Amino acid sequence: MFLEDLKKQIPEEYFFYSNSIFNLFDLEKINDFYLFLKENNEIGGFFSKADSERIASRHIYESMVYIYYLKEYVNVSRETSILDVGSGPGIPGYILYCLKENPKVSLLDSSRRRLQFIEKYIKQKNYSDIQIIYKRIEEWTQQFDVVITRALIPFPYNAVLLRHSFINVAAIFSGNIQINENIIQYLKKNNLIIKNNIKILELEFLGERYLILLSHIDRTKKLKPIKWKTLRREMDELHNSNSKPKGWSRQNNIHN
Ligand SMILES: C[S@@+](CC[C@H](N)C(=O)[O-])C[C@H]1O[C@@H](n2cnc3c(N)ncnc32)[C@H](O)[C@@H]1O
């Protein structure tokens with residue numbers, strides 16, 4: 001079902017090159033999750049009407065490709081603890097759990113609205129090793145080896161919102177982004193540095209897609225969560241100072 005629908009939703013040449021990506025996953029688990037998303041989409045309000053016809057490509061396959069790249073750049077084993085922030089219906093966190101060698105997955109969202117569906121789903125399946133957390137990330141102080149996020153809030157504020165929650169890497173699944181000196185300095189002020197900014201060519205049929213990997217500049221420094229009020233103010237300030245951008249640079253591996 002998932003593979004058949006995906007084939008209809010993506011150009012043939014993109015599907016053709018996907019074997020090494022599919023091989024990483026338990027496709028039965030993926031298929032089952034796909035059916036769950038389709039069946040509950042309307043009642044759970046997971047995706048827009050237009051996207052309800054593209055769940056296989058725009059949501060599940062997109063996450064699978066991102067995870068493939070994440071694994072290329074970051075050590076992800078059964079021992080790795082990974083938190084998905086703003087997980088909604090479990091995307092992309094639950095798809096990490098569908099890896100044949102799945103890491104320790106936690107899904108966090110401030111709202112019960114969508115996450116409660118995936119909580120029920122994993123209970124039915126007896127997947128008791130997935131942690132479900134109903135909290136704002138600014139109010140959650142547990143740390144994870146890797147923290148991932150997709151469609152939370154715009155970059156670079158999503159990175160700053162996550163700054164206290166990861167030990168090794170924050171991985172941001174992102175659309176088109178513009179990185180300039182202001183943004184690099186803003187991240188630096190928050191003890192963050194972009195390690196890699198990877199353009200995902202396999203997802204070009206969806207538009208521009210990037211995997212942004214960040215780490216701490218000083219790993220010994222203990223970071224407190226940022227207050228939402230402060231972040232909101234900084235968003236406005238940086239937005240205004242960026243309205244006349246200078247020194248733009250967007251390239252792969254910009255610090256390598
Ligand atoms: C647009 S949805 C994205 C859902 C999913 N990650 C996806 O890619 O489809 C954003 C989610 O982030 C959650 N969220 C927003 N701010 C948050 C915060 N500060 N802490 C935790 N979750 C947050 C919202 O409740 C919402 O479910």
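Just follow the structure's listing: the first ligand is 1, and inside any ligand the first atom is 1. A quick note: this is a predicted structure, and the numbers were derived from the prediction, not measured. Numbers for residues simply follow the sequence, beginning at 1.
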Q: Quick one: look up the protein heavy atom nearest atom 23 (C) of ligand 1 and list residue, atom name and how far away it is.
A: Ser110 OG, 3.3 Å
Q: Indicate yes or no for a side-chain donor-acceptor contact from Thr149 to the backbone of Val85 under 3.5 Å, with no hydrogens or angles considered.
A: yes
Side chains of residues 158-166: which donor-acceptor pairs under 3.5 Å do they make with residues two or more places apart or in other chains?
residue: Asn158; atom: ND2; partner: Ile153; partner atom: O; Å: 3.1
residue: Arg163; atom: NE; partner: Lys224; partner atom: O; Å: 2.9
residue: Arg163; atom: NH1; partner: Asn190; partner atom: OD1; Å: 2.6
residue: Arg163; atom: NH2; partner: Lys224; partner atom: O; Å: 2.9
residue: His164; atom: NE2; partner: Ile137; partner atom: O; Å: 2.9
residue: His164; atom: NE2; partner: Trp140; partner atom: O; Å: 3.1
residue: Ser165; atom: OG; partner: Leu162; partner atom: O; Å: 2.7

Q: Starting from atom 1 (C) of ligand 1, locate the nearest protein heavy atom and write down its residue, its atom name and how far away it is, to 0.1 Å.
A: Ala151 O, 3.2 Å
Q: Could you tell me which atoms of ligand 1, counted from 1 in the order shown, lie closer than 4.0 angstrom to a heavy atom of Leu108?
A: 21 (C)
Q: Answer yes or no: is there an ion pair linking Arg54 with Asp51, defined by an N-O contact shorter than 4.0 Å?
A: yes
Q. Can you find an N/O atom of Arg136 closer than 3.5 Å to an N/O atom of ligand 1?
A. yes
Q. Are Phe46 and Phe117 an aromatic pair by the rule of ring centers under 6.0 Å?
A. yes
**Q.** Atoms of ligand 1 close to Glu138 [distance to a heavy atom under 4.0 angstrom, numbered from 1]
**A.** 18 (C), 19 (N), 20 (N)
**Q.** Per-atom contacts, ligand 1 versus Arg114 - under 4.0 Å to a heavy atom
**A.** 26 (C), 27 (O)
Q.
Quick check: Arg150 and ligand 1, any N/O pair under 3.5 Å apart?
A. yes
Q.
For atom 20 (N) of ligand 1, what is the closest protein heavy atom, and at what distance to 0.1 Å?
A. Ile137 N, 3.0 Å
**Q.** Check: Phe33 ring centre within less than 6.0 Å of Tyr97 ring centre
**A.** no
**Q.** Nitrogen or oxygen of Pro92 less than 3.5 angstrom from that of ligand 1
**A.** no
Q. Just wondering, do Tyr61 and Phe22 contact through their side chains at under 4.5 Å, heavy atoms?
A. yes
Q.
Counting only nitrogen or oxygen atoms and a 3.5 angstrom limit, does Pro89 reach ligand 1?
A. no
Q | Residue-ligand contact Lys135/ligand 1, heavy atom below 4.0 Å | A | yes
Q) Counting N and O atoms only, with roles assigned by atom type, does the side chain of Asp84 sit under 3.5 Å from a partner on the main chain of Leu107, one being a donor and the other an acceptor? A) no
Q) Tell me, which protein residue and heavy-atom name are nearest atom 12 (O) of ligand 1, and how many Å apart are they? A) Gly86 CA, 3.4 Å
Q. Which protein heavy atom lies closest to atom 24 (C) of ligand 1, and at what distance to 0.1 Å?
A. Asp109 OD1, 3.4 Å
Q. Charged N to carboxylate O under 4.0 angstrom, Lys104 versus Glu79?
A. yes
Q. Does any N or O in the side chain of Glu101 come within less than 3.5 Å of the main-chain N or O of Ser77, such that one atom is a donor and the other an acceptor?
A. no
Q) Does ligand 1 have a heavy atom under 4.0 Å from the side chain of His59, from its backbone, from both, or from neither? A) neither
Q. Taking atom 6 (N) of ligand 1 as the point of reference, which of Ile91, Ile226, Asp84, Asp51 owns the nearest heavy atom?
A. Ile91
Q: Verify whether the ring centers belonging to Tyr69 and Tyr66 lie closer than 6.0 Å.
A: no
Q) For ligand 1, which atoms sit closer than 4.0 Å to a heavy atom of Leu152? A) 12 (O), 14 (N), 15 (C), 16 (N), 17 (C), 23 (C)
